[in-house]
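Single-structure report; data block below.
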Number of protein chains: 2
Amino acid sequence: MSSVSKALELMTFFSGARPEIGLSEMRRLAGRDKATTYRHLQALQVFGLIEQNPETKNYRLGPALLQLAQLREQTVPRKAAARTAIQRLAEVAGETTHVSVMSGNTLYALDSCESEKHSTRAIIDISIFPLHATASGLCALAFGAPDLLEMAQADLKPFTASTPLTQDALAAAVADVRRSGFGKSFGTFEADIHSLSAPLFDQDGHFAGAVSVASVATRFGPTLERTIMQGLVAASKDITKNWGGRVPQDIEHKWEATLGGHTEMEHAT
Amino acid sequence: MSSVSKALELMTFFSGARPEIGLSEMRRLAGRDKATTYRHLQALQVFGLIEQNPETKNYRLGPALLQLAQLREQTVPRKAAARTAIQRLAEVAGETTHVSVMSGNTLYALDSCESEKHSTRAIIDISIFPLHATASGLCALAFGAPDLLEMAQADLKPFTASTPLTQDALAAAVADVRRSGFGKSFGTFEADIHSLSAPLFDQDGHFAGAVSVASVATRFGPTLERTIMQGLVAASKDITKNWGGRVPQDIEHKWEATLGGHTEMEHAT
DNA sequence: AACCGACGGTTCAATATATGAACCGATTGT
DNA sequence: ACAATCGGTTCATATATTGAACCGTCGGTT
């Protein structure tokens with residue numbers, strides 16, 4: 001691991017639950033020497049990627065990120081392009097929706113949208129989707145780079161009693177996603193949340209991210225499932241198009257097959 | 001220079017005018033070996049800080065920045081806090097306004113706001129304010145860390161015919177800012193732009209950034225100057241307060257003295 | 001069609017650079 | 001008064017970084 005990577009890794013320890021981190025805590029999180037950690041933090045600080053809270057001496061993310069993100073948006077305005085789609089999806093599903101983007105071996109949360117329909121909602125505050133435990137993550141394993149599955153199988157962290165813990169269990173879940181075209185996570189990340197997802201694709205038809213709906217388990221049933229799946233297909237096509245990508249033919253066929261045959265019709269359209 | 005810094009430096013070469021950079025161009029910009037540059041780019045890419053345009057193989061800023069910036073905003077929502085103030089300032093001044101933040105030895109652009117009043121406006125598209133050539137930069141030199149002035153004097157890059165090019169000229173400009181409490185840049189960065197600025201402060205009363213107004217030179221005169229200065233004082237107090245900082249007493253006194261006395265002070269000193 | 005230069009990417013010996021145990025002074029709780 | 005942490009610093013050691021040379025490919029030129 002290069003020292004550059006080690007330094008950059010430090011930034012990944014910040015989260016909504018842990019927005020500020022002291023030197024010693026950072027050292028523990030990174031599992032590295034204090035002096036090394038300190039120098040890495042200094043290097044990041046010089047570029048404004050992190051800064052120190054002058055009161056507590058704790059480190060937190062820095063102002064340069066605002067600059068860089070603005071420029072990124074300007075260069076590739078993905079988030080704005082996805083927002084309307086997930087808002088519409090949240091509306092028709094009446095549940096919380098998410099979009100995530102694949103970069104390297106990591107699936108990053110890009111944006112989310114809550115529905116006003118119910119007073120109880122799924123609020124999933126994560127910035128990196130665990131590949132084996134979330135619907136979006138399963139999409140990545142099913143349609144992303146082949147080596148992702150091996151990596152995920154090597155690190156099957158348990159989140160709930162339902163999280164797949166064996167390589168076979170995960171492989172079976174992934175096979176189902178490959179067959180149906182939809183990622184499914186029934187309480188594998190949060191106990192009372194049922195999630196469905198659909199993959200997004202880049203200009204080469206490669207996996208680029210996922211769009212997902214997280215619904216409260218007690219509300220979930222065949223009717224809602226079908227509504228969500230239909231919404232996911234529309235959202236995936238829309239976002240993929242707006243990102244300059246294209247949905248491969250075989251994926252569209254899978255969606256049609258899953259929606260056309262599998263579900264009993266509640267009422268004709 | 002640490003390898004971490006060398007890698008991070010690569011990210012600073014992206015700009016609105018240069019949103020994508022190929023390996024060879026990046027190597028030239030950084031003045032480093034191609035192999036080194038390549039490995040650094042790889043490390044940045046793994047963390048999603050940059051990504052490759054699959055069509056052109058050029059590198060551009062990556063999606064992880066969106067994540068990190070969002071979390072930064074959540075942790076320290078400075079930009080949102082400053083926006084209303086610079087909008088109000090743009091309105092009363094009828095000119096383009098900017099806010100910048102100090103991090104390390106660099107003054108970063110945080111946000112800007114254009115006024116609808118005139119059809120011609122100042123549009124200053126920079127992400128890092130040169131300390132010796134901009135009104136905001138002079139504020140940093142006047143009220144920021146003492147060593148900034150030495151650093152700036154060692155690198156007096158000329159932008160226009162009016163840019164201060166000698167250590168004495170810069171020292172004189174800084175002295176004037178220290179006296180008046182306002183940064184002044186009359187065509188030193190862009191030939192036809194007159195700028196005024198006021199410093200912002202953190203919780204310890206230390207320099208934290210600047211707010212500035214960039215006006216078209218032909219419109220500039222004593223009346224507009226006074227209006228802008230009054231607006232700058234209000235904006236600086238407002239933003240500083242919203243950032244959890246405090247304006248030192250002596251700065252407020254300087255502003256009062258400058259505005260209370262004669263506003264038509266000739267800028268030659 | 002052969003040539004050319006520039007591109008992105010890779011290799012490996014040489015060495016410049018990162019590393020961490022030990023240390024410091026300040027702070028906090030006992 | 002003591003012990004435990006904290007953020008930060010030092011310096012000999014050794015490990016990770018470096019860059020010249022190389023490869024295959026691509027577009028334009030002769």
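Residue numbers begin at 1 in each chain, while the letters A, B, ... track the order of the sequences.
- Applying the side-chain hydrogen bond (donor to acceptor under 3.5 Å, both in side chains) criterion to A:S127, with sequence neighbours excluded, gives no partner residue.
- Comparing the axis of the opening five pairs of the helix from C:dA1-D:dT30 to C:dT30-D:dA1 with that of the closing five pairs yields an angle of 40°, rounded to 10°.
- Residues meeting the side-chain hydrogen bond (donor to acceptor under 3.5 Å, both in side chains) test with B:S185, sequence neighbours left out: B:T188.
- Contacts of B:R27 with the nucleic acid, taken as non-hydrogen atoms under 4.0 Å apart, are absent.
- Atom CD1 in B:I21 sits about 12 Å away from atom P in C:dG8, given to the nearest Å.
- Within the 4.0 Å cut-off from OP1 or OP2 of D:dG8, at least one side-chain nitrogen or oxygen of A:Y59 is found.
- To the nearest angstrom, C1' of C:dT10 lies 14 Å from NZ of B:K57.
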Side-chain donor-acceptor contacts of residues 8-16 of chain A below 3.5 Å, not counting sequence neighbours, with atom names and distances?
unit_1: A:E9; atom_1: OE1; unit_2: A:R32; atom_2: NH2; d: 2.4
unit_1: A:T12; atom_1: OG1; unit_2: A:E9; atom_2: O; d: 2.5
unit_1: A:S15; atom_1: OG; unit_2: A:A17; atom_2: N; d: 3.3
unit_1: A:S15; atom_1: OG; unit_2: A:R18; atom_2: N; d: 3.1

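- If you take CD of A:Q45 and P of D:dG7, they are 13 Å apart, rounded to a whole angstrom.
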Just distance, no hydrogens or angles: give the donor-acceptor pairs under 3.5 Å from side chains in residues 130-137 of chain A, sequence neighbours left out.
unit_1: A:H132; atom_1: NE2; unit_2: A:K157; atom_2: N; d: 3.3
unit_1: A:H132; atom_1: NE2; unit_2: A:K157; atom_2: O; d: 2.6
unit_1: A:T134; atom_1: OG1; unit_2: A:P130; atom_2: O; d: 2.9
unit_1: A:T134; atom_1: OG1; unit_2: A:G137; atom_2: N; d: 3.0
unit_1: A:S136; atom_1: OG; unit_2: A:S212; atom_2: OG; d: 3.4

Please produce a list of atom pairs where a protein N or O lies less than 3.5 Å from an N or O of nucleotides 11-21 of chain D.
unit_1: D:dT17; atom_1: OP1; unit_2: A:S3; atom_2: N; d: 2.5
unit_1: D:dT17; atom_1: OP1; unit_2: A:S3; atom_2: OG; d: 3.2
unit_1: D:dT18; atom_1: OP1; unit_2: B:K6; atom_2: NZ; d: 2.9
unit_1: D:dT18; atom_1: OP2; unit_2: B:H40; atom_2: NE2; d: 3.2
unit_1: D:dG19; atom_1: OP2; unit_2: B:T36; atom_2: OG1; d: 3.2
unit_1: D:dG19; atom_1: O6; unit_2: B:R39; atom_2: NH1; d: 3.4

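- B:D111 pairs by the side-chain hydrogen bond (donor to acceptor under 3.5 Å, both in side chains) definition with B:R83, not counting sequence neighbours.
- Note: CG (A:N58) to C1' (D:dT5) measures 13 Å, nearest angstrom.
- Taking the side chain as every heavy atom from C-beta outward, A:V211 and A:L200 approach each other to under 4.5 Å.
- Regarding A:Q52, its CD atom lies at a distance of 8 Å from the C1' atom of D:dG7, rounded to whole Å.
- B:R27 pairs by the salt bridge (Lys or Arg N to Asp or Glu O under 4.0 Å) definition with nothing, not counting sequence neighbours.
- B:M26 has its CE atom 15 Å from the C1' atom of C:dC7, to the nearest Å.
- Side-chain contact check for A:S2 and A:S5: at least one donor-acceptor pair (N or O, by modelled atom type) lies under 3.5 Å.
- For B:T75, there are no side-chain hydrogen bond (donor to acceptor under 3.5 Å, both in side chains) partners two or more places apart in sequence or in a different chain.
- Here the P atom of nucleotide C:dT19 and the OH atom of A:Y38 are 15 Å apart, to the nearest Å.
- For the pair B:L23 CG and D:dC23 C1', the computed distance is 14 Å after rounding to whole Å.
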